[in-house]
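Note sheet for the following structure.
From a predicted model like this one, the values you see are computed outputs, not experimental measurements. Letters A, B, ... mirror the listed sequences (proteins, then strands); counts begin at 1.
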Protein chains: 2
Amino acid sequence: MRVSSKAHYGLRMMTEFAKAYGAGPLSIAEVARIEHLPLAYLEQLASQLRRGGLVESTRGVHGGYALTRPADQISVLNVVTVIEGEVSPVECVSHGYVTGTCQREGECASRGLWMRLKQSIDAVLSQTTLAELVADQSLIDSMAPAPAEASR
Amino acid sequence: MRVSSKAHYGLRMMTEFAKAYGAGPLSIAEVARIEHLPLAYLEQLASQLRRGGLVESTRGVHGGYALTRPADQISVLNVVTVIEGEVSPVECVSHGYVTGTCQREGECASRGLWMRLKQSIDAVLSQTTLAELVADQSLIDSMAPAPAEASR
DNA sequence: ATAATTCTGACCATGACAGTCGGGATTCTC
DNA sequence: GAGAATCCCGACTGTCATGGTCAGAATTAT
C-alpha cells in the first residue's frame, strides 16, 4: 500500500509548475535543480503529465512546461492517476472492471471493503489541490527561513 | 496504490480460519480446496501469519491453523500489516522513520497529505474485522444459495 | 548557426511478486 | 513401529514494475 516515488516525483514537479504558473513555462532542468531530481527521469514524467493533459509544453530556448489550468483546479488525485493509473486496491473495484472476470464475485465478502478503501483514498487525494500544497510550502518557508536559528 | 494479491490471499485464508474458529485447527489443504488457491503458496503465507502472532499451528495428522483470538478482535489491518508490512504511502510517514533521513523534511509540503492518507487507509482497514467479513459472506450466501435458481 | 529545450524510444539493473519444489520435523492412527 | 497427514523451511525461478540512463531527433529563440 504505497505510492510509487515516480508519482511522488511527479507531484513535486507539479508543485514547481504550480509555483511558476502565470510566469511563462518552467523547464525541467530548473525543476531538476530545485528539487534535486534526475533530469532524464523527469523528462519521462513530464511527457506523461502532458499526455495526461495536466501540463502543456513549449519547445525551444525559453521553453518548458506550464499547467493547463490553475493550481486550485488540479488535485493530487489527478496527478497520481496520470502517473500511476487509477488508484485501486484490487482489480475488481477499478473503473474498467468487467463484471464476471472474477469468478468469486458473487460470494466475495471483501469487495465491499476494497470499495470503501478506494473511496477513502480517492477522497483524501481529490480534496487536496496543488494550490494547497504550494500554500503549505510557503507557510513552512516563512516560518523557518533559517533552520539553524529557529528562535530568531 | 494497490494491495498485493499476497495480502488478499492471506485475508481470504484468515476468513476461512475465522469461520472454523472454535472447531479445532483447519489445514491449509482445506483452505486451498475451498478458496482455490495454490497450496504451496499458502504454506508460506500461513507461516508469516503465525510468526505475526495471528494464528497458531498444530502439527501432525489432524493439525492445521487456528486464530489466536476471536475473529472480532482481528482487523483487516492486522492481516495486511503482517503480510505486507506497515501500510505507508511514503517512507517518511512510516512508524520506524528516523527524523532527518529525508533532507527535504523541513520544507516538504506533501508530508501532511501523506499522513492524512495513511490515517485514512488505516482507519478503513482497522475498522473492519474478520468477524464482519464472515458475517457479510454468510449474508451473501443466504441471499443466493443457488445462483441458477435465484427465486426458489 | 548555435544553444536550449522538448520528444521519443531503447536499454538496463534491481527487487518484488507469485509461485514451485524438495525435503525435514512432528504427531496421530493403526 | 509404520505410515500418513500435516506443518516447517530454505532454495529456486520466471515475470513484471520500478527507477533510472542514454543517444539522438525535432523545435525554437537569439
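The side chain of Ile28(A) lies closest to dT6(C), out of dG19(D), dA3(C), dT6(C). With dT20(C), dC8(D), dC7(C) as the candidates, the nucleotide lying closest to the side chain of Ser57(B) is dC8(D).
Look at CE on Met1(A): it is 16 Å from C1' on dC17(C), rounded to the nearest Å. Counting to the nearest Å, the P atom of dA5(D) and the CG atom of Leu39(B) are 13 Å from each other. One atom, CD of Gln48(A), and another, P of dG19(D), lie 12 Å apart when rounded to the nearest Å. Residue Met13(A) contributes atom CE, which lies 10 Å from atom P of dT6(C) at whole-angstrom precision. In this structure, CG of Leu42(A) is placed 11 Å from C1' of dG20(D), rounded to the nearest angstrom. In this structure, Tyr41(B) places its OH atom 10 Å from P of dT20(C), rounding to the nearest Å. Protein atom NZ of Lys6(B) is 17 Å distant from nucleotide atom P of dA17(D), rounded to whole Å. Atom P of nucleotide dA17(D) and atom CD of Gln44(A) are separated by 15 Å, given to the nearest angstrom.
The backbone N or O of Glu91(B) lies less than 3.5 Å from no partner atom in the side chain of Ser88(B), so there is not a single donor-acceptor pair.
Using a 4.5 Å heavy-atom threshold, the side chains of Leu39(A) and Val31(A) count as separate.
Nearer the 5' end of DNA chain D, as judged by each residue's closest nucleotide, is the contact made by Val3(A), out of Glu43(A) and Val3(A). Annotation: of the two residues near DNA chain D, Ala40(A) and Arg51(B), the 5′-most nearest-nucleotide partner is Arg51(B).
Between His62(B) and the phosphate of dT29(C), there is a side-chain N or O to OP1/OP2 separation shorter than 4.0 Å. Close to dT6(C), at under 4.0 Å from its OP1 or OP2, lies no side-chain N or O of Ser47(A). Phosphate proximity of dC7(C) to Tyr65(A): present, with a side-chain N or O under 4.0 Å from OP1 or OP2. Listed pair Ser5(B) / dA18(C) meets the phosphate criterion, a side-chain N or O lying under 4.0 Å from OP1 or OP2. Contact between the side-chain N/O atoms of Tyr9(B) and the OP1/OP2 oxygens of dC17(C) is not found at any separation under 4.0 Å. Within the structure, every side-chain polar atom (N or O) of Thr58(B) is placed at least 4.0 Å from both OP1 and OP2 of dC7(D). The side chain of Arg50(B) contributes an N or O atom lying less than 4.0 Å from OP1 or OP2 of dC8(D).
Taking CD from Gln119(A) and CZ from Arg116(A), the interatomic distance works out to 9.0 Å, rounded to the nearest 0.5 Å.
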Candidate pair Met13(A) and Glu35(A), rule side chain to side chain contact (heavy atoms under 4.5 Å, CB included), full reasoning: CA-CA 8 Å; Met13(A) 179 152 54; Glu35(A) 294 279 343; over 6 Å; no
side-chain hydrogen bond (donor to acceptor under 3.5 Å, both in side chains) evaluation trace for Arg50(B) with Thr68(B): CA-CA 9 Å; Arg50(B) 182 177 54 79; Thr68(B) 51; over 6 Å; no
